[in-house]
There are 2 protein chains.
Amino acid sequence: MTVSPPRPKGPPLNALRAFEAAARLNGFSNAAEELCVTPGAIAQHIKSLEAWAGSDLFVRQSQGVRLTPLGAGVIEDFSNAFDKLGEAVQNLRLRAAPKHIRIAALPSVAQLWLSPRLPEIRREIADITVSITAMETAPNLLREPYDLSIFFEDHPLLPEGIEICRDSIFPVCTAELAKELNNPSDLINFPLIQDTSWSEDWKYWTEANYPDQKIKLEGPVFSLYSLALEETRNSAGILIGHEPLVRRLLDLGELVAPLPGALPLKRSLMARIAKPATKNQALKKIMAVLLGSDKPKPQA
Amino acid sequence: MTVSPPRPKGPPLNALRAFEAAARLNGFSNAAEELCVTPGAIAQHIKSLEAWAGSDLFVRQSQGVRLTPLGAGVIEDFSNAFDKLGEAVQNLRLRAAPKHIRIAALPSVAQLWLSPRLPEIRREIADITVSITAMETAPNLLREPYDLSIFFEDHPLLPEGIEICRDSIFPVCTAELAKELNNPSDLINFPLIQDTSWSEDWKYWTEANYPDQKIKLEGPVFSLYSLALEETRNSAGILIGHEPLVRRLLDLGELVAPLPGALPLKRSLMARIAKPATKNQALKKIMAVLLGSDKPKPQA
DNA sequence: TATTAGGCCTAGGAAAACTATGGCATCATA
DNA sequence: TATGATGCCATAGTTTTCCTAGGCCTAATA
């Protein structure tokens with residue numbers, strides 16, 4: 001029954017954002033990563049918010065946290081509110097610089113698929129700036145400042161996003177090596193190059209095409225697909241190639257596909273457009289170029 | 001056409017809030033007041049946001065600011081987003097402490113109308129805490145941490161909020177002074193007490209009831225109605241009384257209304273409930289007490 | 001029994017936010 | 001034409017907030 005003089009303040013906005021991220025991503029560490037801070041910072045924000053509210057939002061367990069009923073009861077509102085806010089920010093950014101389009105893509109996609117298409121974009125669309133940011137995981141387009149994301153995505157039950165092209169895998173190497181590679185059993189004689197993030201590729205491909213064939217699934221491993229590709233061009237071995245990423249070198253004749261049997265994966269190169277960007281003229285043109293440019297030449 | 005390494009960050013949340021407030025309230029100074037900071041702080045926030053976006057949001061004029069087309073184009077999104085966020089915070093606060101109800105009211109209302117009703121609330125509703133914050137202007141219940149606001153509001157075209165009772169004005173004084181006050185012309189012999197924020201009251205009342213009567217519209221002025229009322233009880237003069245605020249002293253017999261002619265104003269004491277609080281049990285009971293307590297004894 | 005993953009705490013330092021002050025331009029008033 | 005009031009800007013200095021670092025704890029895993 002107090003009659004307090006100063007207008008009481010709400011909680012700090014940053015604490016709310018930390019709470020929302022921690023709840024959505026299921027842990028302080030994940031939230032910390034998204035917000036580019038240390039987990040300790042998240043813990044402090046959330047503690048201050050809990051102090052403000054007067055009760056706990058998370059149950060701390062030895063490994064990970066769990067929302068309390070109170071936390072679970074309010075998180076949806078916060079997520080929606082921050083989505084709206086993120087959308088408003090996206091809208092502001094895009095309206096302020098409608099000729100500046102920001103694209104987020106997997107490093108390999110940025111370098112091997114997107115980069116070769118930039119000259120055409122520049123040619124087609126005058127007076128435009130395109131920024132490309134390479135990252136391992138797709139950004140949340142409701143929150144992060146990108147207009148377009150291009151990533152490989154496993155096929156969901158219900159299609160969403162814009163499919164650019166289906167992913168499929170098959171071995172590739174230089175013409176030089178291909179001469180000594182006449183049937184699958186010859187693979188045993190070469191280093192089999194692979195990418196860390198797609199370490200099952202060789203297994204999938206051999207199982208699908210030559211289930212009886214035993215193949216040593218060892219060889220150089222690269223964390224950057226473009227490095228793996230470069231090594232392959234240096235005849236360092238046979239790479240398990242992803243069609244959208246190797247097509248250009250095949251077309252140029254710098255690499256060949258020595259063995260038949262391309263394996264289509266339940267995964268595609270997908271584009272997603274931030275909602276406020278859907279009406280942007282520059283982006284529409286970019287999409288037209290990117291989608292038009294993709295006339296797959298089936299391999300195998 | 002850059003390929004930048006670190007994930008670019010969005011703008012600081014506090015800058016967004018400053019922008020939203022400045023746009024909504026039409027000026028940096030007003031925003032500063034709402035956010036309890038100096039205008040300079042707002043100016044800096046907005047400048048940083050403009051720097052982030054790369055273009056101006058406000059046109060600075062010698063007296064006041066005006067939104068640029070860009071600013072005008074995005075402000076609605078921001079306002080909606082912050083409304084949502086405010087609602088989420090309200091919801092959190094209320095769920096965290098469902099037995100703690102916060103009421104905002106005009107100082108005079110808090111002291112003269114609300115305060116006498118608190119004992120009944122305490123009696124009716126066990127286990128509850130009521131905080132009352134007195135303020136001159138009604139809080140934005142979507143943003144500020146109150147569950148209920150009680151203020152005088154002029155009648156709008158379309159009714160909104162919950163009407164507690166109509167405001168009407170008429171002179172009041174002690175029985176002692178009333179003896180010497182038998183007709184309106186006697187008013188000239190007494191100091192006419194008034195409140196700063198309702199400085200037209202005496203004029204309205206005399207014009208409505210005794211248009212031919214000339215009255216000296218001068219006398220002690222108080223910025224707190226409860227002070228004016230206290231002085232009236234000390235027989236310092238005649239107060240132009242607001243029915244909801246003086247009724248109790250009339251009922252107690254400590255003051256009387258010496259002259260006929262209560263003037264109903266196009267204004268009522270109105271309650272407003274924050275949206276997340278509408279479902280709160282404690283608040284429902286409080287509203288029942290407050291509305292039930294008001295059985296006006298018409299004066300004349 | 002190590003190891004790891006995830007979170008907590010505290011101290012100290014970095015960054016952000018805010019205040020204070022002086023200045024300028026416009027408008028209304030005297 | 002002074003004069004004051006309003007409203008914003010710029011800068012410097014201060015306060016507050018935020019963040020990191022590093023040590024500690026617990027439970028699950030190998």
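Protein chains get the first letters and strands the later ones, always in sequence-line order, with residue 1 at the start of each.
- Contact annotation for B:A41: base contact, defined as any heavy-atom pair under 4.0 Å involving a base atom.
- In this structure, B:E200 does not pair ionically with B:R267, as no charged nitrogen and carboxylate oxygen lie closer than 4.0 Å.
- Contact check for B:L106 versus B:I150: no side-chain heavy atoms found under the 4.5 Å cut-off.
- An OP1 or OP2 oxygen of C:dC18 is reached within less than 4.0 angstrom by a side-chain nitrogen or oxygen of B:H45.
- When the C1' atom of C:dA15 is taken as reference, atom CD of B:Q44 falls 14 Å away, rounded to whole Å.
- To the nearest 0.5 angstrom, B:L16 atom CG is 5.5 Å from B:L49 atom CG.
- On the nucleic acid side, DNA chain D contacts chain A at distances under 4.0 Å to non-hydrogen atoms, with the end points of that region at D:dC18 to D:dA28.
- A salt bridge links B:D147 with B:R93; the closest basic N to acidic carboxylate O contact falls under 4.0 Å.
- Applying a 4.0 Å cut-off to non-hydrogen atoms, the residues of residues 25-35 of chain A that approach DNA chain C are A:G27, A:F28, A:S29, listed by residue number.
- When atom types are taken as modelled, the side chain of A:Y225 and the backbone of A:H242 share a donor-acceptor pair closer than 3.5 angstrom.
- Looking only at side-chain heavy atoms (C-beta outward), B:V37 and B:I42 come within less than 4.5 Å of each other.
- Of the two residues contacting DNA chain C, namely A:N14 and A:V65, the nearest-nucleotide position lying further toward the 5' end is that of A:V65.
- With the nearest nucleotide of DNA chain C identified for both A:Q61 and B:P12, A:Q61 has the one nearer the 5' end.
- Taking all atoms of both residues into account, the shortest heavy-atom contact from B:E87 to B:P276 is O-CG, 3.7 Å.
- Screening residues 9-35 of chain A for ring pair (Phe, Tyr, Trp, His ring centres under 6.0 Å), with sequence neighbours left out, gives A:F19-A:F58, A:F19-A:F78, A:F28-A:F58.
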